[in-house]
There are 2 protein chains.
Amino acid sequence: MKRELPACPVETTLMLISDRWKVLIIRDLMDGTKRFGELKKSIGSISQKVLTSNLRSMEESGLLTRKVYAEVPPRVEYTLTETGYSLKPILDSMVEWGKAYQKANQ
Amino acid sequence: MKRELPACPVETTLMLISDRWKVLIIRDLMDGTKRFGELKKSIGSISQKVLTSNLRSMEESGLLTRKVYAEVPPRVEYTLTETGYSLKPILDSMVEWGKAYQKANQ
DNA sequence: CAGGATCCCTTTGGATACTG
DNA sequence: CAGTATCCAAAGGGATCCTG
């Protein structure tokens, strides 16, 4: 799963967040820690498998942490790292740009 | 090729630029108009087919314009639209973030 | 030069069933 | 609840050959 970092900075960023779901996951975690089920619900149409694999790869990239509680039923919480949270300006820009684009193309 | 705009602004932005190559194309066009061959060369490892299909879909999205000159050999120039150029702040943020990430993970 | 056409591979995502 | 395992479909991308 771990790939080499590209030489180009913008490619590095893209590699880490450009999947269909990762930006949505990050956005939903900007509000704070969430459980697996909460994430799945707030994202909506994502399948368990895909959510799991995205979360794992983002953990590996250092964008978020995964904390497992030894309880029954199990509880797993996901939290953005500093690195993950530092993507906020990019996300905000993307939201603003997207709004303007939607307005112009509705 | 034309897809419905998602309800969510950030998804809209993602849909338009999150492919592997689109951000690189936009970045290369930030400097000004370029010919097909120049783009292909500056991007490097992209194949003709993929470059063509990305350019067409970006034209359809209103991010760039395509101008064909009736010459032999043919000349085709691509230029960012205002909309495409307005992605600059996002690109810049991505470059900055990518640099910091690379530095932290080298 | 700037592509179109074709074939194939890999990756991502989706559906369903099962489990500690 | 939060996964795993398995199978499958679709899309993006790559390679090669051909052409106005």
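Proteins come first, then strands; the chains are lettered A, B, ... in the order of their sequence lines, and each starts at number 1.
Distances shown here put a side-chain N or O of Arg56(A) below 4.0 Å from the OP1 or OP2 atom of dT4(D). At the phosphate of dT11(C), neither OP1 nor OP2 sits under 4.0 Å from any side-chain N or O atom of Arg20(A). Note on Trp21(A): a side-chain N or O is less than 4.0 Å away from OP1 or OP2 of dG13(C). Between dA2(D) and Arg35(A), a contact under 4.0 Å exists linking OP1 or OP2 to a side-chain N or O. Between Arg66(B) and the phosphate of dA2(C), there is no side-chain N or O to OP1/OP2 separation shorter than 4.0 Å. Between Asn54(A) and dT12(C), a side-chain N or O to OP1/OP2 separation shorter than 4.0 Å is absent.
Rounded to whole Å, the distance from NZ on Lys67(B) to C1' on dC1(C) is 18 Å. Rounded to whole angstrom, the span from the OH atom of Tyr78(A) across to the P atom of dC1(D) amounts to 15 Å. The OH-C1' distance, from Tyr69(B) to dG3(C), rounds to 18 Å in whole Å. Atom-to-atom, CD1 of Ile46(A) to P of dG13(C) comes out at 7 Å; the value is rounded to the nearest Å. In this structure, CG of Leu55(B) is placed 15 Å from C1' of dG13(D), rounded to the nearest angstrom. The distance from atom CG of Leu51(A) to atom P of dT12(C) is 16 Å, rounded to the nearest whole Å. Rounded to whole Å, the distance from CD on Glu59(A) to C1' on dA2(D) is 14 Å. Atom CD1 in Ile43(A) sits roughly 14 Å away from atom C1' in dG13(C) (whole-Å rounding).
Under a hydrophobic clustering in which Ile, Leu, Val, Met, Phe, Trp and Tyr are joined whenever their side-chain heavy atoms come within less than 4.5 Å, directly or via other members, Val10(B) and Tyr85(A) fall into the same cluster.
Cys8(A) and Arg27(B) get closest at one heavy-atom pair: SG-NH1, 3.0 Å. Ile26(B) approaches Met58(B) most closely through the heavy-atom pair CG1-CE, 3.4 Å.
An end-to-end axis angle of 50° holds for the helix from dC1(C)-dG20(D) to dG20(C)-dC1(D), taken from five base pairs per end and rounded to 10°.
In this view, Trp97(A) and Tyr101(A) satisfy the ring-ring contact (aromatic ring centres under 6.0 Å, His included) rule, not counting sequence neighbours.
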Between the protein and nucleotides 15-20 of chain C, are there any N/O to N/O pairs under 3.5 Å, and if so, what are the atom names and distances?
none

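Of the candidates Asp28(A), Asn54(A), Val50(A), Asp28(A) is the only one forming a side-chain contact (heavy atoms from CB on, under 4.5 Å) with Ile43(A).
No more than 12 heavy atoms of other residues, nucleotides or ligands sit less than 6.0 Å from atom CD of Glu82(B).
Put simply, the side chain of Leu51(A) reaches to within 4.5 Å of the side chain of Ile25(A), judged on heavy atoms. Residues Lys22(A) and Leu16(A) have side chains not in contact (no heavy-atom distance under 4.5 Å, counting atoms from C-beta outward).
Under the 3.5 Å distance criterion, with hydrogens and angles disregarded, a donor-acceptor pair is assigned to the side chains of Thr33(A) and Thr79(A).
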